[in-house]
Each structure stands twice: as C-alpha cells, then as structure tokens.
Chemist: 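Below is one structure. I have some questions about it.
Here is how names work: the chains are called A, B, and so on, in the same order as the sequence lines, proteins then strands, and each is numbered from 1.
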There are 2 protein chains.
Amino acid sequence: MKRAMTKIFADFIARRGLKSTKQRDIILDGFLASDRHLSIEELYLKIRASHPNIGYATVYRTLKLFAEAGIAREMQFGDGQTRYEHAGEGEHHDHLVCTRCGSIEEFENETIEQLQAEVANSRGFLIEKHRLELYGVCGSCRK
Amino acid sequence: MKRAMTKIFADFIARRGLKSTKQRDIILDGFLASDRHLSIEELYLKIRASHPNIGYATVYRTLKLFAEAGIAREMQFGDGQTRYEHAGEGEHHDHLVCTRCGSIEEFENETIEQLQAEVANSRGFLIEKHRLELYGVCGSCRK
DNA sequence: ACTCCAATTGAAAGTGGAAGTCATAATACG
DNA sequence: CGTATTATGACTTCCACTTTCAATTGGAGT
C-alpha cells in the first residue's frame with residue numbers, strides 16, 4: 001500500500017515534469033505513516049519534530065500535490081481546518097465523527113449510495129461527489 | 001411560520017434576559033424574508049441596502065443568536081463561508097449543491113436516515129446530528 | 001417620566017488558517 | 001559540469017470571521 005502510493009506519486013511527479021526532492025519524500029513518509037485525517041498543521045508539527053527545517057508552506061503545497069496526484073483527499077469537518085486522508089484508488093468512505101474525543105471512524109454503505117443516486121436522478125442532478133458525516137458520541141466515549 | 005419564528009425568538013430573548021432591539025428586529029425580518037442559506041455577508045449587504053447603519057458585527061452576532069434560539073442553523077458547504085438556513089422546529093434536510101451555479105436544493109429521505117442509524121448502532125455510536133451533501137451539476141446547469 | 005445598570009452596538013483591531021511572494025537553493029539533464 | 005527550471009522557506013497578504021471597547025440604549029424599578 002505504502003509502496004503503491006509512493007509509486008503513484010513518483011509517476012505523477014515524472015508525468016508533470018516536477019522534481020523529486022527530499023522534502024517531498026519526507027512529507028510523503030510522514031503522511032503515509034500517520035493516522036488518517038491529519039490537518040496541515042498537524043502534519044507540519046509532526047514532521048517538524050524530526051526535520052525542523054521544513055516550512056509550513058512546503059507541507060501545505062505538498063499536500064495539495066498529493067491531492068492532485070490522487071493519493072490524498074481534502075476533507076472539511078466542522079473545525080475550520082482542512083484535513084487530508086489517504087485516498088486509496090477510487091475508494092470512498094463516509095465518516096462517524098465523535099464530538100467528544102474527535103476520533104473519526106469510517107464506513108461505507110452501498111445502499112445509501114444507491115439511494116443518493118436515486119434522489120439526485122429524480123431531480124436531474126448529476127452527482128460528482130458526496131459527503132456524509134454522522135456526528136455524535138463514539139462507542140468508547142459512551143462507556 | 002414567520003410569526004412562529006418571531007415568537008420563538010422573542011421568548012428566547014426574554015428567557016435569557018436579553019434585550020429586544022430594533023437591529024435585531026430588522027435582522028430577523030431580513031433573515032426570514034430571504035431565500036434560505038445566506039452567508040453572513042449576503043445578509044449583511046442585503047440589510048445594509050435599507051439600513052446603512054447596521055454593522056457587520058451585529059449581523060454576525062445576531063445570526064449566532066438565532067442559531068442558539070433554534071430558529072437558524074449554521075451550515076458549511078465548501079465555499080469557505082458559513083451559511084445560515086431557517087430551522088423549522090426539529091425538521092432536517094440534506095442538500096444538493098450545484099458546483100456550477102452554487103444553487104442549493106434540499107431533500108429528505110427517510111430510508112437513508114434509517115440506514116444511517118443502523119450503521120451508527122452497529123458500532124455503538126450515538127448520532128447527534130448528521131450532514132449529507134451531494135455535490136454536482138443541477139438540472140438547469142445541465143441543459 | 002427619570003435613573004441606573006446591564007446589555008447592545010458599530011468601528012476597528014485581532015485571529016487563525018489558507019494562499020501568495022520572492023530571493024535563494026536544488027534538481028534534472030544536456 | 002553548467003544551466004534552465006522548479007522547489008523551498010521566511011514572510012506577507014488575504015479572508016472570514018471574532019473580539020474589544022467606548023459610546024449608546026433598553027427596560028425594571030422608582
């Protein structure tokens with residue numbers, strides 16, 4: 001998986017005539033090694049710990065690149081920060097966001113997707129993407 | 001409906017020991033008279049047309065009050081602006097957001113809601129609220 | 001009606017995160 | 001190697017709020 005991502009990004013870099021740099025490698029490592037759904041700030045701080053000379057702007061730009069390359073996906077939950085999650089090829093998932101501890105679980109439900117498509121269809125609406133988030137209290141926090 | 005909202009807000013004001021001011025009345029009128037899903041800026045400009053002396057901060061604070069009073073609901077679509085929609089008592093709807101013209105349609109689907117509840121349940125997750133948005137091209141823009 | 005005080009207002013300053021600038025440094029490749 | 005590009009990082013700007021603060025205003029109790 002990690003190998004695959006690395007490969008995809010390398011190809012993307014090559015295809016676009018961009019350059020391979022150690023910063024990009026470091027940021028990619030940090031991103032792939034992390035839990036999903038990090039904000040720019042979080043990844044920046046994490047990387048900064050071992051590589052104090054990497055700037056915020058570089059992390060910011062590189063994350064955008066990842067999104068363009070298709071290995072990351074931008075997400076906005078309610079906290080005013082843009083978060084990035086790993087984007088496995090084409091897969092999509094929705095989220096369960098805990099309002100207590102902030103944890104984010106993922107789920108998929110084919111039936112819901114179908115119903116969404118029906119709703120859209122019945123209105124002549126063409127879906128490009130969707131977003132479904134359930135906010136509440138997760139299992140651990142309820143104990 | 002408008003009457004009801006006005007009443008609810010008046011009660012809220014009273015219950016909290018807040019004051020009734022002409023600015024709040026004007027802003028409430030503007031809000032209720034508007035299309036749904038306005039941003040702070042939009043409502044501010046609209047009101048400003050007839051009441052040039054009302055400040056942005058007042059509109060901002062009043063909208064927050066509306067949300068607390070339960071007559072408005074804060075929403076975030078992808079455009080970086082907080083929007084407020086009328087919040088009829090308890091009712092909830094999901095959205096179809098056109099990425100071309102920015103129009104926002106609403107819909108409800110009981111089956112989808114049930115499925116969401118099932119997913120949450122199966123994980124011991126307690127839903128407080130949810131958000132479902134379908135982004136794409138609306139009927140008019142497809143013609 | 002008048003007072004007094006807490007609530008409110010509007011202008012302006014402050015925030016935080018995202019996006020843009022630009023001089024310097026690195027990389028790819030002939 | 002040498003050079004044309006691209007990338008980097010410190011810093012600035014932008015933007016959408018959010019807070020501050022001095023002046024004003026409701027409204028409960030005279």
Chemist: Would you mind telling me which of D/dT8, C/dT9, C/dG17 lies closest to the side-chain atoms of A/Tyr56?
Modeler: C/dG17
Chemist: Look at the rings of B/His86 and B/Phe31 and say which category their plane angle falls in: under 30° parallel, 30 to 60° tilted, over 60° perpendicular.
Modeler: perpendicular
Chemist: C/dA18, C/dG20, C/dT8: which one has an atom nearest the side-chain heavy atoms of A/Ala57?
Modeler: C/dG20
Chemist: Taking C-beta and beyond as the side chain, do B/Ser140 and B/Cys101 meet within less than 4.5 Å on heavy atoms?
Modeler: no
Chemist: Does OP1 or OP2 of D/dT8 have a side-chain N or O of A/Thr21 closer than 4.0 Å?
Modeler: yes
Chemist: What is the distance from CD of B/Glu42 to P of D/dC17, rounded to the nearest Å?
Modeler: 10 Å
Chemist: So what does B/Ser39 touch, heavy atoms closer than 4.0 Å: a base, only the sugar-phosphate, or nothing?
Modeler: nothing
Chemist: Check whether any side-chain N or O of B/Tyr60 sits under 4.0 Å from OP1 or OP2 of D/dT18, and answer yes or no.
Modeler: yes
Chemist: Map B/Lys22 and A/Arg24 onto DNA chain D by nearest heavy atom, then report which one ends up closer to the 5' terminus.
Modeler: A/Arg24
Chemist: Would you kindly give the CD-to-P distance between B/Gln23 and C/dA11, to the nearest whole Å?
Modeler: 11 Å
Chemist: Could you work out which one of C/dA18, D/dG9, C/dA28 sits closest to the side chain of A/Thr82?
Modeler: C/dA18
Chemist: Measure from the side chain of A/Thr58, starting at C-beta and using heavy atoms only, and say which of D/dG9, C/dA7, C/dT9 lies closest.
Modeler: D/dG9
Chemist: When the nearest nucleotide of DNA chain C is assigned to B/Arg16 and to B/Gly55 on a heavy-atom basis, which residue is associated with the more 5' position?
Modeler: B/Arg16
Chemist: To the nearest Å, how far apart are B/Lys19 NZ and C/dT9 P?
Modeler: 10 Å
Chemist: Just checking A/Arg100: does its CZ atom have more than 12 heavy atoms from other residues, nucleotides or ligands closer to it than 6.0 angstrom?
Modeler: no
Chemist: Rounded to the nearest angstrom, tell me the gap between atom CD1 in A/Ile27 and atom P in D/dT8.
Modeler: 7 Å
Chemist: Between P on C/dG20 and CZ on A/Arg61, what's the gap in Å once rounded to a whole number?
Modeler: 11 Å
Chemist: Think A/Lys64 has a side-chain N or O under 4.0 angstrom from the OP1 or OP2 of C/dA19?
Modeler: yes
Chemist: C/dA11 P sits how many Å from B/Ile54 CD1, rounded?
Modeler: 11 Å
Chemist: Send over the distance from A/Gln81 CD to D/dA16 P, rounded to a whole Å.
Modeler: 18 Å
Chemist: When you look at A/Glu85 and A/His93, which way does the side-chain contact (heavy atoms from CB on, under 4.5 Å) test go after all the steps?
Modeler: CA-CA 11 Å; A/Glu85 67 172 14; A/His93 33 255; 3.2 Å; yes
Chemist: Looking at A/Glu41, A/Arg48, A/Glu42, which hits side-chain hydrogen bond (donor to acceptor under 3.5 Å, both in side chains) with A/Tyr44?
Modeler: A/Arg48
Chemist: Rounded off to whole Å, could you give me the CG-to-P distance for the B/Asp79 and C/dA18 pair?
Modeler: 16 Å
